[in-house]
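What follows is a short report on a single structure.
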Amino acid sequence: MPSPQPAQVVILGASGDLTARKLIPALAAAFRQGHLHPATQVIGVARRPWDDDGFREHLRCAVPSLGDEFLARTRYVLTHLESAEEYRALAARLDALADAAPAHRVYYLAIKPELFLPTLRGLHGAGLLQQAVDGPRRCVVIEKPFGSDLASALALNHALRELLDESQIFRIDHYLGKETVQNLLVLRFRNALFEPLWNQKYIELVQITVAETIGVEGRGAFYDGTGAVRDILQNHLLQILALIAMEPPASLAADDIRDEKVKVLRALRGFAALDPRRHIVRGQYAGYRREAGVDPQSETESFIAVRTYIDTWRWGGVPFLLRTGKALAKRFTSVRLQLRMPPHALFGAPEECHLRPNALTLRIQPNDGVELDFDVKEPGPGLVIKPAKLDFDYAARFGRALPDAYERLLVDVLHGDQSLFIRSDEIEHSWRWIDSLRNAMRDTPLYLYERGSWGPFASDDLFGPCEGRWWCG
Ligand code: BG6
């Protein structure tokens, strides 16, 4: 569906890594497939001494597959954005560039978090954020990290409210743009098969993993001040959890979905009442302290696993085990719902108590798909029971690679659709829970783990007896 009106996508911080690695390839793909209005302009704004051609050359080197038609839609504005004068000059330049009016305008903040507010204040001062009723939209896309704890997120939300309406703010979490994450809603609410089982009566335990094989990859300084809890758990992992655990929304309207996600985040049990050593395991991979930009005495966690609960009617008593880490054995993101044993052991108990016959595994990435484990009778004499599997694979079913998450999300921004973006109260409730976790973490040891392993062995102990074990892809 093409964007209904022409738009200017203004990337602030356009010389950075995110622009070349994610934003430009996503915009180019959306343009190629006709998902953007043909008059869309992509305007890079940065301090590098480039002109339009210099910017295009930089993009072409970074993304050799870019077509000339798309490159012809790119422009560059060289500015330091340090004075009101420079913001006014930017406003004049953007107006002059708008070759088809009225155009929506999206400001993508691909800049350091500490520059979010000064930049937005500058844009506001130059009249760049004001939008007329029924006029073209003026939107702002804000990358994570959105705050570093509850207090800073509250302060940032408060400051944003003075400059923008909530409907203009798109807090991006690229996991929400992944097809398989969006499929969670379809799987749950389009199929009569799953939803009746989706509660504490049938589900015994839920585990969610975001595992990466890479280390800090040249981002040592950023990562060391962030850690696994704030880099992945607070955002990507909690967003998946909210979609898995939420009630059916009244409609697919952005606020109906987000209302339900907020209820889940509010119901997450804080750690004040839990024994930290039995609910939290944190680790750091061997060699982390020697990574460039990392403090040689660093106590930052590159692995975190927690056992938590969602205190609602639907999920009362069901453990949710969440884990994420860098430098692990395998890269994958998955959700596994383990079903309870049938009420009567007609065929006897499984030989190993942790082997439950039924589990539903949602493979978010890679090998995106869904698998359902169940037991069958092995053909032949006697009654020998063996595990079997139904397996759905996206690539095999649809025969094409899934689009990149940024592509979908950027097109949604241009359509003004906030369903896959995070509302202020979602951010605040997730930070409230993360703050409680980070407080409790202080009373837990930081385990060292080998690169290429599954993290600290202690994370296995988060499972109770007969509750199973971590699924490893
Ligand atoms: C980012 C984190 O948000 O997500 C990175 O900052 C992480 O540390 C990345 O590597 C993972 O994203 P994906 O899409 O590769 O799973």
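In this text the structure is predicted, and so the values were computed from the model without any measurement. Numbering of ligands and ligand atoms starts at 1, following listing order.
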TODO: For K178, take its heavy atoms, then give the atoms of ligand 1 lying under 4.0 Å from any of them.
DONE: 13 (P), 14 (O), 16 (O)
Task: Which of the ligand 1 atoms, numbered from 1, are nearer than 4.0 Å to a heavy atom of H236 - done: 1 (C), 3 (O), 4 (O)
Open item on the list: So that I can tick it off, tell me whether D404 and R21 are bridged by a salt bridge, with the cut-off set at under 4.0 angstrom between side-chain N and carboxylate O.
Closed with: no
TODO: Record the part of Y223 in heavy-atom contact with ligand 1 below 4.0 Å; permitted values are side chain, backbone, both and neither.
DONE: neither
- [ ] Report yes if the side chains of W471 and T209 come closer than 4.5 Å at any heavy-atom pair, otherwise no.
- [x] no
TODO: Salt-bridge test for R336 and D373: reply yes if a basic N is under 4.0 Å from a carboxylate O, no otherwise.
DONE: yes
Task: Within-cut-off N or O pair, H174 and ligand 1, under 3.5 Å - done: yes
Open item on the list: Considering non-hydrogen atoms of the protein only, which is the closest contact for atom 7 (C) of ligand 1, and what is the distance?
Closed with: E212 OE2, 3.3 Å
Open item on the list: Among all the protein's non-hydrogen atoms, which is closest to atom 8 (O) of ligand 1, and how far away is it?
Closed with: D231 OD2, 2.6 Å
- [ ] Please determine if D173 and K178 form a salt bridge, counting it only when a charged side-chain N lies under 4.0 Å from a carboxylate O.
- [x] no
Task: For K326, the ligand 1 atoms whose distance to one of its heavy atoms is below 4.0 Å - done: 5 (C), 7 (C), 8 (O), 10 (O)
Task: Location of contacts on E217 toward ligand 1, heavy atoms closer than 4.0 Å - done: neither
Task: For atom 16 (O) of ligand 1, closest protein heavy-atom neighbour - done: Y175 OH, 2.5 Å
Task: SB check D259 R423 (cutoff 4.0 Å) - done: yes
Open item on the list: Could you check, using the six-membered ring where one of them is a Trp, whether H37 and H104 have ring centers closer than 6.0 angstrom?
Closed with: no
